[in-house]
Protein chains: 2
Amino acid sequence: MAAVGNVTGPISSFDPYERGCPSRDLLDQIGSKWAVLVLGELGRNGASRFSRLRQALAGVSEKMLTQTLRTLERDGLVTRTVYPEVPPHVEYELTTLGQTLREPLKALTEWSVQHIEEVISARGEYDDRTERTR
Amino acid sequence: MAAVGNVTGPISSFDPYERGCPSRDLLDQIGSKWAVLVLGELGRNGASRFSRLRQALAGVSEKMLTQTLRTLERDGLVTRTVYPEVPPHVEYELTTLGQTLREPLKALTEWSVQHIEEVISARGEYDDRTERTR
DNA sequence: CGGTATCCTCTACGATACTG
DNA sequence: CAGTATCGTAGAGGATACCG
């Protein structure tokens, strides 16, 4: 049982099933659309530049990539290293903490690839079933 | 190498790093705010009723819970069983497919609980660092 | 190259009220 | 009890243009 330390408010639990729980928000963050893909890419291929990430994550806008990277940097999951050259050169890389997310995230990503066909066929059956009824 | 089968369009890969990939969407679905919590709750405590789920997921609205459950049912991850009684009685339970998500999702949830304090302190440092600079 | 700034749209989500 | 229906808001997310 970990010491919690938050004594300023009634909401001090880290149980993600409680409302206002910080770990619930964190879970949302790391599970968000672009964050999973950024972390996955940096985990598989190591450090990468902004433009390479943009290519790897087909369809991401500059805005969302920047925003995602900033959040990940702030959360201590990714480092941002600027090389003062012309033209500019910026590298992003997983931190030690970020590395600990590789396995869990990889498992989830692989699950979605491995079971997508099952899910698609389940959707078809559901739609047939409900379309007939109404 | 799995056979893909989709021969109707140029986008037929299940690589989540490709735009328009169905498994990318699925990943978003199962990683979404309420879906993780619903799946987690059903995984930990077995079958549950609507009202019990609503209590377990503190703060969820009826609308979002219904919507989440419908999507999970459609995707073949959860079954919905109606007992024709008065008052109504509906049970939700993980399917066999849904069970396969338990481990990956549990790993991610536990990660967020175990590392939330590290992340919070990283945020503090980042904010101090950037506040001074600007 | 690696951003920031701005504008705009769309959807996630919540609050409330009603129903079989 | 377990929803559906409706409305309203905030933020996610994209397109475009400009900058160090």
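Letters A, B, ... mirror the listed sequences (proteins, then strands); counts begin at 1.
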With clusters defined by side-chain heavy atoms of hydrophobic residues (ILVMFWY) lying less than 4.5 Å apart, directly or transitively, does B/V82 cluster with B/L69? yes
Exercise: identify the closest heavy-atom pair between B/P16 and A/L37: O-CD2, 3.8 Å
Could you name each residue pair satisfying side chain to side chain donor-acceptor pair (under 3.5 Å) that touches residues 31-44 of chain A, not counting sequence neighbours? A/E41-A/R44, A/E41-A/N45
Where chain B begins and ends its contact with DNA chain C, read 5' to 3' at 4.0 Å from heavy atoms: C/dC13 to C/dG20
I need the minimum non-hydrogen distance between A/A47 and A/R52, along with the two atoms involved. O-NH1, 3.8 Å
Do the side chain of A/R74 and the main chain of B/Y126 share a donor and acceptor less than 3.5 angstrom apart? no
Expected list for residues 84-94 of chain A: side-chain donor-acceptor pairs under 3.5 angstrom, two or more places apart:
{"residue": "A/H89", "atom": "NE2", "partner": "A/E91", "partner atom": "OE2", "Å": "3.2"}
{"residue": "A/Y92", "atom": "OH", "partner": "A/R80", "partner atom": "NE", "Å": "3.2"}

Hey, does the side chain of B/S23 reach the backbone of A/I116 with a donor-acceptor pair shorter than 3.5 angstrom? no
What is the per-nucleotide protein-contact pattern of nucleotides 1-13 of chain D, from the 5' end, where B denotes a base atom under 4.0 Å from a protein heavy atom, S denotes such proximity for sugar-phosphate atoms only, and - denotes neither? BSBB-BB-----B
Terminal axes of the helix from C/dC1-D/dG20 to C/dG20-D/dC1 (5 end pairs apiece), angle rounded to 10 degrees, sit apart by 50°
A/R123: what forms a side chain to side chain donor-acceptor pair (under 3.5 Å) with it, not counting sequence neighbours? B/D75
Between the main-chain N or O of B/L26 and the side-chain N or O of A/S112, is there a donor-acceptor pair closer than 3.5 Å? no
For A/R54 and A/V60, indicate whether the former's side chain and the latter's backbone hold a donor-acceptor pair under 3.5 Å. yes
